[in-house]
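All remarks here apply to the structure that follows.
Quick caveat: nothing in here was measured; it's all calculated off a predicted structure. Whatever order the structure lists them in is the order used to number ligands and atoms, beginning at 1.
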Amino acid sequence: MATLYVIATPIGNLEDITVRALRIMKEVHTIFCEDTRTTATLCAHYGITTARESFHAQSPSSKIDHVVSLLLSGHDIALVSDAGTPGISDPGSLLVSEVRARTDVMIVPVPGPSALTAAVSVAGVGVSEFVFLGFLPHKKGRQTLFAEIAESDRPTIFYESPHRIEKTLESLVEHCPTKTVTVFRELTKMFESRVSGTPSEVQAYFTAHPDEVRGEFVVIVS
Ligand code: SAM
C-alpha cells in the first residue's frame, strides 16, 4: 500500500533536517510543496532530484484528486511545507484530512523542526503546559482572544508576521500590560533574536529598532 509521508523541513537553517527525511524525499514518487521554489533550495542543497509539485492554500480541489490518484496507483508521496512541520498553521492539514477521508493509505509523520517547538525549547518560562493559537485572527474574534490571553494562567503562544507584529504588541499593551512578552525572531537563521519584557517594553524596543520589524516571529505571552 502507498504511503503519504508528512515531512518536517528546516525553519531556516538547512542543516535542521533528519537523515530519515532526506532519505524519504529521495525515495518518493513526488514531493508536494507549499512553494516549489523554497523546496528547490533544500533539494539542491542535498542533491534530491525527486519530482516536485505545488500544494498550497489556493490549490484547486483537482490537486487533491491528483494526489489521491497517485496514492491509489501505489505511488509514495511526500508533503512538505515552506518551513517546519506541515499541518501546524499551514495548508498541510487540509491535504492530510482529505487523503484520510478518501483513502486508506498509510499517513506517516516524519517529525523534525517546528517554529513552535523551537521557541518553546528555549523559552525558559516554564512552558510545560501552553495554549497555542496559530495565527491570530485579523478581525473577528481578535478582541475576545486578547481578553482570553490576559485571563489565561497558561502561557499563550502564537505565530506573527512582520506586517502585524506592531499592531499585536499594541493590543497586548492595552489588554495585558503586566504580562511578560517574549518575541522570538528568525529562529535558527543568521539574524535570530529574542526580545522579552512587558508589552510596552517590547513595543518600545521594536519602535527603536524598525529594521528588526521583519522576518518571522513566534510570540509567547506568559
Ligand atoms: N508549520 C510551520 C512550523 O511548524 O513551524 C509554521 C508555518 S506558518 C505558515 C509560518 C509561521 O511560522 C511564520 O509566520 C512565523 O510566525 C513562524 N515561523 C516559521 N519559521 C520561523 C522562524 N525561523 N523563526 C520564527 N518564527 C518562524
Side-chain angles (χ1 to χ4, degrees), residues 4-18 20-21 24-25 31-39 41-42 45 54-59 78-97 99 107-125 127 130-138 142 145-146 149 155-169 171-172 181-196 202 205-206 209 211-222:
L4 170 63
Y5 293 98
V6 180
I7 301 183
T9 55
I11 59 168
N13 189 319
L14 289 183
E15 291 180 1
D16 292 333
I17 187 157
T18 68
R20 182 174 173 231
I24 292 171
M25 287 176 75
I31 303 170
F32 283 85
C33 322
E34 189 175 357
D35 184 332
T36 50
R37 290 162 302 182
T38 306
T39 306
T41 307
L42 179 68
H45 190 78
S54 66
F55 178 79
H56 47 73
Q58 282 76 41
S59 289
L79 171 67
V80 300
S81 51
D82 280 352
T85 301
I88 303 180
S89 301
D90 64 32
S93 56
L94 172 65
L95 186 68
V96 169
S97 66
V99 169
I107 303 180
V108 171
V110 182
S114 167
L116 170 63
T117 52
V120 169
S121 72
V122 291
V125 287
V127 278
F130 58 84
V131 176
F132 176 58
L133 299 176
F135 288 104
L136 302 181
H138 290 186
R142 193 173 159 90
L145 213 48
F146 279 107
I149 293 171
T156 305
I157 306 180
F158 53 89
Y159 288 158
E160 197 47 276
S161 74
H163 316 292
R164 304 196 62 84
I165 187 78
E166 287 170 302
K167 202 167 172 41
T168 291
L169 288 169
S171 301
L172 290 172
V181 183
T182 306
V183 176
F184 292 97
R185 175 176 163 263
E186 297 287 81
L187 287 160
T188 79
K189 301 186 196 177
M190 190 183 293
F191 298 107
E192 176 170 352
S193 68
R194 171 187 173 278
V195 182
S196 193
V202 174
Y205 178 88
F206 282 104
H209 299 86
D211 52 317
E212 293 186 31
V213 186
R214 63 170 78 143
E216 303 193 277
F217 301 88
V218 181
V219 181
I220 303 186
V221 183
S222 55

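- Taking a 6.0 Å sphere around NZ of K167, one finds it holds 12 or fewer heavy atoms contributed by other residues, nucleotides or ligands.
- Distance check: I149 CD1 to S222 OG gives 12.0 Å after rounding to the nearest 0.5 Å.
- Ligand 1 lies less than 4.0 angstrom from a heavy atom belonging to A83.
- Distances from ligand 1 to the non-hydrogen atoms of S161 include no value under 4.0 Å.
- Considering backbone and side-chain atoms alike, R185 places every N or O at 3.5 Å or more from each N or O of ligand 1.
- Nearest-residue assignment for atom 17 (C) of ligand 1 (options G134, A115, S193; heavy-atom criterion): A115.
- Under the 4.5 Å side-chain criterion, counting only non-hydrogen atoms from C-beta, V96 is in contact with V6.
- The distance criterion of under 3.5 Å between nitrogen or oxygen atoms is not met by G12 with respect to ligand 1.
- Here the heavy atom of the protein found nearest to atom 26 (N) of ligand 1 is V218 CG2, 3.4 Å.
- Taking OG of S196 as the start and CZ of F184 as the end, the distance is 7.5 Å to the nearest 0.5 Å.
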Exercise. What's the verdict on side chain to side chain contact (heavy atoms under 4.5 Å, CB included) for V195 and H209, showing C-alpha distance, side-chain angles and the deciding distance?
Worked result: CA-CA 11 Å; V195 182; H209 299 86; over 6 Å; no
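- At least one heavy atom of D90 sits less than 4.0 Å from an atom of ligand 1.
- Side-chain contact check for F132 versus S89: some heavy-atom pair is nearer than 4.5 Å.
- By heavy-atom distance, the residue among I165, T9, I88 lying nearest atom 1 (N) of ligand 1 is I88.
- Going from atom CG of L79 over to atom CD of E34 covers 9.0 Å, rounded to the nearest 0.5 Å.
- Residue F191 qualifies as open at atom CZ: its count of foreign heavy atoms under 6.0 Å is 12 or below.
- Every atom of ligand 1 with a heavy atom of G84 under 4.0 Å away is listed here by number and element: 3 (C), 4 (O), 5 (O).
- Close approach of ligand 1 to E186 (heavy-atom distance below 4.0 Å) involves ligand atoms 23 (N), 24 (N), 25 (C).
- Side-chain atoms of T168 and V219, non-hydrogen and from C-beta on, never get closer than 4.5 Å to each other.
- Nearest protein neighbour of atom 20 (N) of ligand 1, counting heavy atoms only, is E216 OE1, 3.3 Å.
- For ligand 1, the polar-atom distance check finds no N/O of P86 at less than 3.5 Å from any of the ligand's N/O atoms.
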Problem set entry | Full working for side chain to side chain contact (heavy atoms under 4.5 Å, CB included) between R194 and V122 | CA-CA 10 Å; R194 171 187 173 278; V122 291; over 6 Å; no
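- Considering both main-chain and side-chain atoms, F135 never comes within under 3.5 Å of ligand 1 through any nitrogen or oxygen pair.
- Here is the list of ligand 1 atoms found below 4.0 Å of a heavy atom in E160: 14 (O), 16 (O).
- Considering S89, G92, S93 only, the shortest heavy-atom separation from atom 9 (C) of ligand 1 involves S89.
- Residue K189 touches ligand 1 through its side chain alone, judged by heavy-atom distances below 4.0 Å.
- Counting only heavy atoms of the protein, atom 24 (N) of ligand 1 lies nearest to L187 N, 2.9 Å.
- We find the CE-CG distance between M25 and L42 to be 5.0 Å, quoted to the nearest 0.5 Å.
- R164 CZ: more than 12 foreign heavy atoms inside a 6.0 Å radius.
- Considering backbone and side-chain N/O of T85, one or more are found under 3.5 Å from N/O of ligand 1.
- Residue F217 has at least one nitrogen or oxygen atom sitting less than 3.5 Å from a nitrogen or oxygen atom of ligand 1, judged on distance alone.
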